[in-house]
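Have a look at the structure below, then the notes.
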Amino acid sequence: MPAVDVPEQTAAETDSFELVYEGPDVDTGTMSARELSDVLSGLTRAFGTVAYERELGDQYELRVRDIEHESFHLLFEAIAFAKANPNAATAIAAGSAVVLNAVTNTVSGAYKLITDIAAMLEAKKKAKGERFARLTAQFNDGEVRLLTPDGELIVLTKEQYELLLGQRVDRQLAQIVSPLSPQRINRFVMRRKQVDIATVDANQRDYFDYREVVEDQSREGTEIVGTLNSLTKTSLKGTFYTADGIHVPYRYTGGDLAQLLRGFSAREPLRVRGK
């Protein structure tokens, strides 16, 4: 049999984290199948939404690595696809196993996705059910600083803020903390490298209540008046402040970038059309 050159195999770049649920109902290391299904669905959808927002939607996959007992620990890995880097070798088969070749800068991308979810969980907890569109916001070098009615400071990246502002992950975050119930499952922790990066107690679960919003199709093409506040050049996304003080996330699809830039320098409120 002729010799065949096989590319060198390296482990896939990954970043791991845990979801931990604590309380009498999980002290045996088990959880209701229905509740577990909700958690997995919420986390997977949140991960996909955040990845899409950061334009990494087709580069990472979330996998369950293990379930540890004691309380209830779900261990996950964010794994990079080889196609995340066009110069990386493709996945190769060795017997029955498929190993992804290492991809440069993938861990930093996976880390961002994980910490985005943790930061939004913490922000929802601090906001105590208040809509983010109603919180006073200050923008500085890609950072958004919000002040809650209780005077608590919330610091987010622009991407995290826009996801919360548009309520695009509200349902998913609610699913992640949905098992919490006093005297049953008392506490939720999101942990990375033995460090707690988000915690929610059962008495804080109501802050994550999700209400389905059904959009009126007749509003397609509605005009609103306000001012442009921010813009990300690569994705043409930003935040628009309406005349009545509501912060609306937007993506510009007008095509004429000069027109968009003129909107930022306009002294009078803008009248824009969108859906």
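All values reported here derive from a predicted model rather than from experimental measurement.
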Same apolar cluster: Ile197 and Ile154, side chain cutoff 4.5 Å: yes
message: Assigning hydrophobic clusters by single linkage (Ile, Leu, Val, Met, Phe, Trp, Tyr; side-chain heavy-atom cutoff under 4.5 Å), is Phe47 placed with Leu40?
response: yes
task: Working to the nearest 0.5 Å, report the span between OH of Tyr60 and CZ of Arg54.
output: 10.5 Å
- request: Please report the C-alpha distance between Phe132 and Thr148 in whole Å, then the side-chain angles of each, then the deciding distance to 0.1 Å, and finally whether the side-chain contact (heavy atoms from CB on, under 4.5 Å) criterion is met.
  value: CA-CA 9 Å; Phe132 284 83; Thr148 71; over 6 Å; no
statement: Exactly one candidate in Val39, Leu121, Asp206 meets side chain to side chain contact (heavy atoms under 4.5 Å, CB included) with Val177; the answer is Leu121
- request: Apply side-chain contact (heavy atoms from CB on, under 4.5 Å) to the pair Val200 and Phe208, showing each step before the final yes or no.
  value: CA-CA 10 Å; Val200 181; Phe208 294 80; 3.8 Å; yes
field: Exercise: identify the closest heavy-atom pair between Ala51 and Leu113
entry: CA-CD2, 3.6 Å
task: Check whether any side-chain heavy atom of Leu43 sits under 4.5 Å from a side-chain heavy atom of Leu19, and report yes or no.
output: yes
- request: Sequence neighbours left out, what passes side chain to side chain donor-acceptor pair (under 3.5 Å) with Asn140? Give chain and number order.
  value: none
message: What I want to check is whether the side chains of Asp116 and Gln160 have a donor and an acceptor closer together than 3.5 Å.
response: yes
field: Side-chain ion pair, Glu122 and Lys124, N-O less than 4.0 Å
entry: no
- request: State yes or no: do Phe76 and Leu36 share one hydrophobic cluster built from I, L, V, M, F, W and Y residues joined by side-chain heavy-atom distances below 4.5 Å, directly or via other members?
  value: yes
task: Report the residues that fulfil side chain to side chain donor-acceptor pair (under 3.5 Å) with Arg184, sequence neighbours left out, ordered by chain and then residue number.
output: Asp25, Glu35
- request: Kindly compute the distance separating CD (Glu162) from CG (Leu165), expressed to the nearest 0.5 Å.
  value: 7.5 Å
Check ion pair Glu77-Arg63 (N to O, under 4.0 angstrom): no
message: Please report the interatomic distance CD(Glu22) to CD1(Ile185), rounded to the nearest 0.5 Å.
response: 11.0 Å
- prompt: Applying ring pair (Phe, Tyr, Trp, His ring centres under 6.0 Å), which residue pairs with at least one partner in residues 174-199 are found, sequence neighbours left out?
  reply: Tyr21-Phe188
message: Minimum heavy-atom separation for Met190 and Ile114, please, with both atom names.
response: CE-O, 3.6 Å
message: Quick one, Lys193 and Ser16 - any side-chain contact, counting heavy atoms below 4.5 Å?
response: no
- request: Taking side-chain contact (heavy atoms from CB on, under 4.5 Å) as the test, write out the residues that go with Val189, two or more places apart.
  value: Val20, Arg187, Arg191, Asp196, Thr199
- prompt: Do Leu75 and His73 come close enough that some side-chain heavy atom pair is under 4.5 Å?
  reply: yes
query: If we only count heavy atoms from C-beta on, is the Leu153 to Arg145 side-chain gap below 4.5 Å?
result: yes
- line: Taking every heavy atom of Ile176 against every heavy atom of Gly42, the minimum-distance pair comes out as CG1-C, 4.1 Å
task: Starting from the C-alpha separation in whole Å, work towards a yes-or-no answer on ring pair (Phe, Tyr, Trp, His ring centres under 6.0 Å) for Tyr161 and Phe139.
output: CA-CA 10 Å; Tyr161 174 64; Phe139 296 82; 5.6 Å; yes
message: Looking at every heavy atom in both Gln175 and Ser41, which two are closest together, and how far apart are they?
response: NE2-OG, 3.6 Å
- prompt: Under the 3.5 angstrom rule, does the side chain of Ser37 hit a backbone N or O of Ala33 as a donor-acceptor pair?
  reply: no
message: Suppose we screen for side chain to side chain donor-acceptor pair (under 3.5 Å). Which residues come up paired with Ser181, at least two apart in sequence or across chains?
response: none
- prompt: Passes side-chain contact (heavy atoms from CB on, under 4.5 Å), Lys128 versus Gln204? Steps please.
  reply: CA-CA 8 Å; Lys128 296 182 178 179; Gln204 298 167 325; over 6 Å; no
message: Do Glu130 and Pro149 have side chains that approach each other closer than 4.5 Å (heavy atoms only, starting at C-beta)?
response: yes
Fellow cluster residues of Leu147, listed by chain then number, with links counted only when side-chain atoms sit under 4.5 Å apart: none
- request: Calculate, to the nearest 0.5 Å, the distance between atoms CG and CE belonging to Asp38 and Met31 respectively.
  value: 10.0 Å
- prompt: Should Tyr207 and Val155 be counted in the same cluster of Ile, Leu, Val, Met, Phe, Trp and Tyr side chains packed under 4.5 Å apart?
  reply: no
- prompt: In terms of side-chain geometry, is the basic nitrogen of Glu53 or Arg168 positioned less than 4.0 Å from the acidic oxygen of its partner?
  reply: yes
query: Between Leu146 and Ala137, which heavy-atom pair has the shortest distance, and what is it?
result: CD2-CB, 3.4 Å
CG-CD1 distance between Leu173 and Ile117, expressed to the nearest 0.5 angstrom: 8.0 Å
- line: Heavy-atom nearest pair, Ala123 first then Leu164, reads CB-CD1, 3.9 Å
statement: Interatomic distance, OG1@Thr49 vs CG@Leu163, rounded to 0.5 Å, equals 7.5 Å
SB check Arg192 Asp15 (cutoff 4.0 Å): yes
query: Considering the options Gln172, Arg45, Met120, Glu159, which one meets the side chain to side chain contact (heavy atoms under 4.5 Å, CB included) requirement together with Val50?
result: Met120
